[in-house]
Structures are given as C-alpha cells and as structure tokens.
Amino acid sequence: MTAPVFVVDDFGTHGTGRYVLDGPEGRHAVAVKRLRAGEEVVLTDGAGRWAEGEVDGTEGKDRLIVRLGEVVEEPVETPRLTVVQALPKGDRGELAVETMTEVGVDAIVPWSASRCITQWKGERGAKALAKWRATAREAGKQSRRVRFPEVADAATSKGVASLLAEAEFAAVLHESGTEPLAAAPLPDAGQIVLVVGPEGGVSPEELALFESVGARAYRLGRSVLRTSTAGTAAAALLLGRTGRWS
C-alpha cells in the first residue's frame, strides 16, 4: 500500500524539519487513519508540489508531527486531457468526477447542455460546483495523486466551442461518429479535449457548433454508456493510447 496523501497549504517547517499537520487533515490522519510513529505519508498542495514524510508522533486528536523530506514538483503530464462533462442527474456528477480523477484526467469542465435535465443556477449551482471540486480533491488523495484535476466553472456551449477550437485534438462522443475513438490520431503533446453529452445526447445544433471549430464526432464502442461513465471509459482509452499509463 502506498503512503496516504494529505493536502497542505504550505510546507513550512520553520527550520526544524518537523511539519505539524493539523486542522481537518490532521484530525483525519490521527483519529481516522490512526497513523503512528514510523509510518510514511505524502503531503501535497494538490498542484504538483509534494514531499514524503515520516510520522514522528501525534499531539492530541488532530495534530500529526511529520519529519518532512525534500519538497519536489511533479512535471505536468502531456498531452493534457480535459473532459467536458454534461451535467448528469442527481449524484452521478460526483461519480463521474470521482472516477475521472482516479484514471488521471487533468481538467473537468461542467457543461450545461441543452438536453441536460439538471441545470446549475444561483445558489444551487454554486453548491453543486463546490461538491464537484470537493470530490476531485478527495478522489485525488484517494488515488495518490499530487496534481489534482481542475474543475472549471460551468460552461455554455459557446464556451465549450472555444475550448475545442484551441485543442490539438477535439472529440465529441456521439452516435453519428463513423470512426472509433480507439483509432483516432492523437497528438504527442498539447491539449486533448473530449466532450461527453447528457443522457439525451448532444443536440444537432451543438454538434454542428462543435464541428465548426474543428471537433469531430467519434464513437466509443458498440454499447451505450451513461453520461456518468462514458467520460471515464473514454479517458482511460485515451490515456492508455498516449502512453501516460505506460
């Protein structure tokens, strides 16, 4: 089992080499994980900077004392994979974010597609976005990542089109796609942007907009996946093909 990951704002030891992990993360380490002296941990800011450490001891129920090693930065992986995820119903959005984080997606863009039953508006939308971001953070820790995926603000179809226009490879999962995603030519670097539509599918108007900026429709396979699982399956396929899983 690899060392558990905890998120920190900074790596300051004040010249002592000992870092005090407190607050919610410290409480989780001490009271839930029950870490003891001699066990290994990883501290990260979630943006690529991280350090290995060894538990020196605990103080109370929410302070973990760690002998911290050198702080290093994980290189940004390439090509970068962004998934535009149409808003699913209920808690399936968090499921999609969780599993896409686990497989290694770099950024997730919530999309208010025309056929989405769920629409993020006002306070409800802000709470839903906060849940997606919290899910990405926790899934990043669980999967031992030190660079968590960015979860952007919800995008309109025009906003998605702008992302697709800037990508080296832009794809829309759609039943009209004649070419399988498994055979699509992929770049060695730059941006890959993948659009996953809602349960009702990407509308003809949205597909035409995306194709007008250079995106192409691709099919994932013979079976029809739910929107909450299609992005994860497609991301795994792309990451394997680009060599990022090797």
Side-chain angles (χ1 to χ4, degrees), residues 1-83 94 96-110 126-153 189-192 232 235-236 239 242-246:
M1 185 72 174
T2 54
V5 173
F6 298 94
V7 181
V8 299
D9 293 327
D10 61 73
F11 298 89
T13 63
H14 308 290
T16 65
R18 299 169 75 247
Y19 185 91
V20 178
L21 182 69
D22 54 12
E25 292 289 88
R27 188 175 304 111
H28 184 73
V30 175
V32 180
K33 302 293 287 186
R34 298 183 181 275
L35 296 178
R36 296 292 182 263
E39 295 189 76
E40 296 181 349
V41 296
V42 170
L43 305 186
T44 179
D45 62 1
R49 298 181 71 229
W50 64 283
E52 293 179 334
E54 182 178 314
V55 177
D56 201 38
T58 62
E59 294 178 355
K61 296 181 179 180
D62 61 356
R63 288 167 63 88
L64 189 77
I65 313 304
V66 179
R67 290 199 298 273
L68 201 61
E70 180 185 3
V71 179
V72 296
E73 182 161 1
E74 181 176 271
V76 175
E77 296 201 77
T78 187
R80 176 180 169 86
L81 175 58
T82 296
V83 176
E94 288 98 277
V97 171
E98 179 180 49
T99 53
M100 286 193 287
T101 298
E102 290 172 357
V103 300
V105 168
D106 300 296
I108 301 168
V109 180
K127 288 182 177 179
L129 178 60
K131 283 185 178 180
W132 279 36
R133 287 173 172 165
T135 298
R137 182 179 186 271
E138 292 306 309
K141 291 166 54 180
Q142 181 66 35
S143 55
R144 309 301 196 257
R145 291 181 62 169
V146 296
R147 191 181 295 277
F148 303 160
E150 302 170 14
V151 179
D153 292 339
Q191 294 274 352
I192 293 176
T232 300
L239 291 170
T242 59
R244 284 183 49 177
W245 272 16
S246 61

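Please read all numbers here as calculations on a predicted model, not as lab measurements.
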Shortest non-hydrogen contact from [X] to [Y]?
X	Y	result
Thr101	Val97	OG1-O, 2.7 Å
Val66	Gly53	CG1-CA, 3.7 Å
Val30	Thr58	CG2-CG2, 4.0 Å
Gly69	Ala51	O-CB, 3.9 Å
Asp10	Tyr19	O-OH, 3.1 Å
Arg80	Ala107	NH2-CB, 3.4 Å

Determine whether [X] and [Y] make a side-chain contact, defined as any pair of heavy atoms from C-beta on separated by less than 4.5 Å.
X	Y	value
Thr78	Val76	no
Val20	Ile65	yes
Leu81	Val105	yes
Glu98	Glu102	yes
Lys33	His28	yes

Self-check item: Counterpart residues, salt bridge (charged side-chain N to carboxylate O under 4.0 Å, His left out), relative to Glu77 (two or more places apart)
Solution: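 Residues passing salt bridge (charged side-chain N to carboxylate O under 4.0 Å, His left out) with Glu77: Arg244.
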Please report the interatomic distance [atom1]([X]) to [atom2]([Y]), rounded to the nearest 0.5 Å.
X	Y	atom1	atom2	answer
Thr44	Glu52	OG1	CD	12.0 Å
Leu68	Glu54	CG	CD	11.5 Å
Arg63	Arg27	CZ	CZ	12.0 Å
Phe148	Asp45	CZ	CG	8.5 Å
Ile192	Leu239	CD1	CG	7.5 Å

Quiz item: Only one of Val42, Leu43, Val41 clears side-chain contact (heavy atoms from CB on, under 4.5 Å) with Val5; which?
Solution: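 Testing Val5 for a side-chain contact (heavy atoms from CB on, under 4.5 Å) against Val42, Leu43, Val41 leaves exactly one candidate, Val42.
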Exercise. Tell me, yes or no, whether the heavy-atom count around Glu39 atom CD, taken from other residues, nucleotides or ligands under 6.0 Å, exceeds 12.
Key: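 Result for CD/Glu39: enclosed.
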Is a side-chain donor or acceptor of [X] paired with a backbone partner of [Y] at a separation under 3.5 angstrom?
X	Y	result
Arg67	Arg18	no
Glu25	Val7	yes
Arg144	Gln142	yes

Quiz item: By ring-ring contact (aromatic ring centres under 6.0 Å, His included), which residues pair with Trp50, not counting sequence neighbours?
Solution: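 ring-ring contact (aromatic ring centres under 6.0 Å, His included) list for Trp50, sorted by chain: empty.
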